[in-house]
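A short worksheet on the structure shown next.
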Amino acid sequence: VKQARDVRLWIKAVMAYLVGGLFSACIVGALLAAVGAAIKLKGLGGQVESFVLPALALILACRETGWIMFDLIERKVQTEQVWVHQYGVNQSAAMWGFHLGLGFATRINYGGFWAIVIAILTIGSVSFGALLMGAYWFGRALSVLIAPGLFANIRGSSLEIMNHTHAEVCTFKRMQVAGLLWTAIVGLVLAVSQL
Amino acid sequence: MSNMRNRFASASVTLAMFSLVAGLVLISKEKAAALLPAATVFGWTQAGGT
């Protein structure tokens, strides 16, 4: 009975987290695209603007490889862990999702997020902006979704598991570089097709 | 714990491979849509590194 109750609680909390994050991510994506469209309407940018995405994606890829070093623009804060004591599991899960889904409100570890922001701004489509930021949120929430399967039969405290997950920095950096190079290629294809 | 690391690395590589295939398929249909798998990969790595 307790296990069934735990599973129900987990499903509710994960759904609240997913929906909360998807909501804020889509709003942020749509707003960014609206800003991008407004910039285009004012006639700023033009053809040069099309090449901003591939150029920036390449610079960010070089940053992830360590060839160049600079700090990303970010708020150096994490989401509020105390919410769970104040609002309970389900409500705090929704609030964590909403807070993290905003993207800009918490730490940004890798340059990929900024590549997405630039892509949304330069493409300037509200629906695509919401979709792209939603896809980013889906990837971010994926670890929560598959965690029970991934960490099944693993002994150790949650802190130990987290520490070992953090030790995967090299894997994450490689994935970022691959994603940024892909973004640069797609950005270049888009830019050339607009010439 | 090495077991856990292997599983996490395997999940990451699986996601990366799936994203690459999805990206290649999408770029042939709608160019901008090919950015969607990359966005998912960026989100996954952000979650792991947070």
Side-chain angles (χ1 to χ4, degrees), chain A residues 25 53 57 78-79 100 103 106-113 115-116 119 123 125 128 131-144 146 149-156 160-161 163-169 171-176 178-180 182-183 185-187 189-190 193, chain B:
Chain A
L53 175 61
Q78 291 187 313
T79 197
L100 293 172
T106 49
R107 277 189 173 278
I108 298 166
N109 294 327
Y110 305 105
F113 175 77
I116 292 171
I123 292 168
S125 158
F128 184 72
L131 190 65
L132 200 57
M133 210 48 109
Y136 175 79
W137 173 251
F138 174 70
R140 201 163 174 176
L142 201 57
S143 59
V144 176
I146 66 169
L150 209 57
F151 302 142
N153 305 321
I154 299 289
R155 288 177 189 170
E160 282 175 319
I161 289 173
N163 285 339
H164 278 269
T165 307
H166 291 180
E168 295 296 322
V169 170
T171 307
F172 297 145
K173 278 191 178 289
R174 284 191 203 116
M175 289 178 80
Q176 280 279 327
L180 285 163
W182 177 253
T183 304
I185 292 167
V186 176
V189 170
L190 285 170
S193 65
Chain B
M1 279 299 157
S2 63
N3 190 18
M4 195 213 75
R5 285 195 64 179
N6 287 342
R7 285 190 205 177
F8 203 85
S10 300
S12 298
V13 171
T14 305
L15 177 67
M17 295 306 290
F18 178 79
S19 300
L20 180 65
V21 173
L24 286 170
V25 171
L26 286 169
I27 202 167
S28 63
K29 308 243 181 227
E30 172 61 54
K31 294 181 188 77
L35 292 171
L36 291 169
T40 305
V41 166
F42 294 148
W44 166 265
T45 50
Q46 172 68 29
T50 304

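Note that the coordinates shown come from a computational prediction; the quantities given were computed from them, not determined experimentally. In the text below, chain A, chain B and the rest are named by the order of the sequence lines, each starting its count at 1.
Atom CZ of F138(A) sits in a sparse spot, with 12 or fewer heavy atoms from other residues, nucleotides or ligands closer than 6.0 Å. Surrounding NZ of K31(B) are at most 12 heavy atoms belonging to other residues, nucleotides or ligands under 6.0 Å away.
Contact between F42(B) and L180(A) at its shortest, heavy atoms only, is CZ-N, 3.6 Å. Heavy atoms only, all atoms of each residue included: M175(A) and S12(B) are closest at CE-O, 3.2 Å.
Using a 4.5 Å heavy-atom cut-off against chain A, the contacting residues of residues 32-41 of chain B are A32(B), A33(B), A34(B), L35(B), L36(B), A38(B), A39(B), T40(B), V41(B).
For chain B, the nearby parts of T183(A) are the backbone and the side chain; heavy atoms of each come within less than 4.5 Å. Neither the backbone nor the side chain of L26(B) has a heavy atom closer than 4.5 Å to any heavy atom of chain A. The part of S193(A) that comes within reach of chain B is its side chain, from C-beta onward, which places non-hydrogen atoms under 4.5 angstrom from that chain. Heavy-atom distances place no part of A178(A) under 4.5 Å from chain B, backbone and side chain included.
Contact annotation: the side chain of T45(B) never approaches that of N109(A) to less than 4.5 Å [non-hydrogen atoms, C-beta and beyond].
If you tally non-hydrogen atom pairs under 4.5 Å between each of I123(A), I146(A), L142(A) and chain B, the highest count goes to L142(A).
Test W137(A), F113(A), Y136(A), F172(A) against Q46(B) for side-chain contact (heavy atoms from CB on, under 4.5 Å) and you get one pass: Y136(A).
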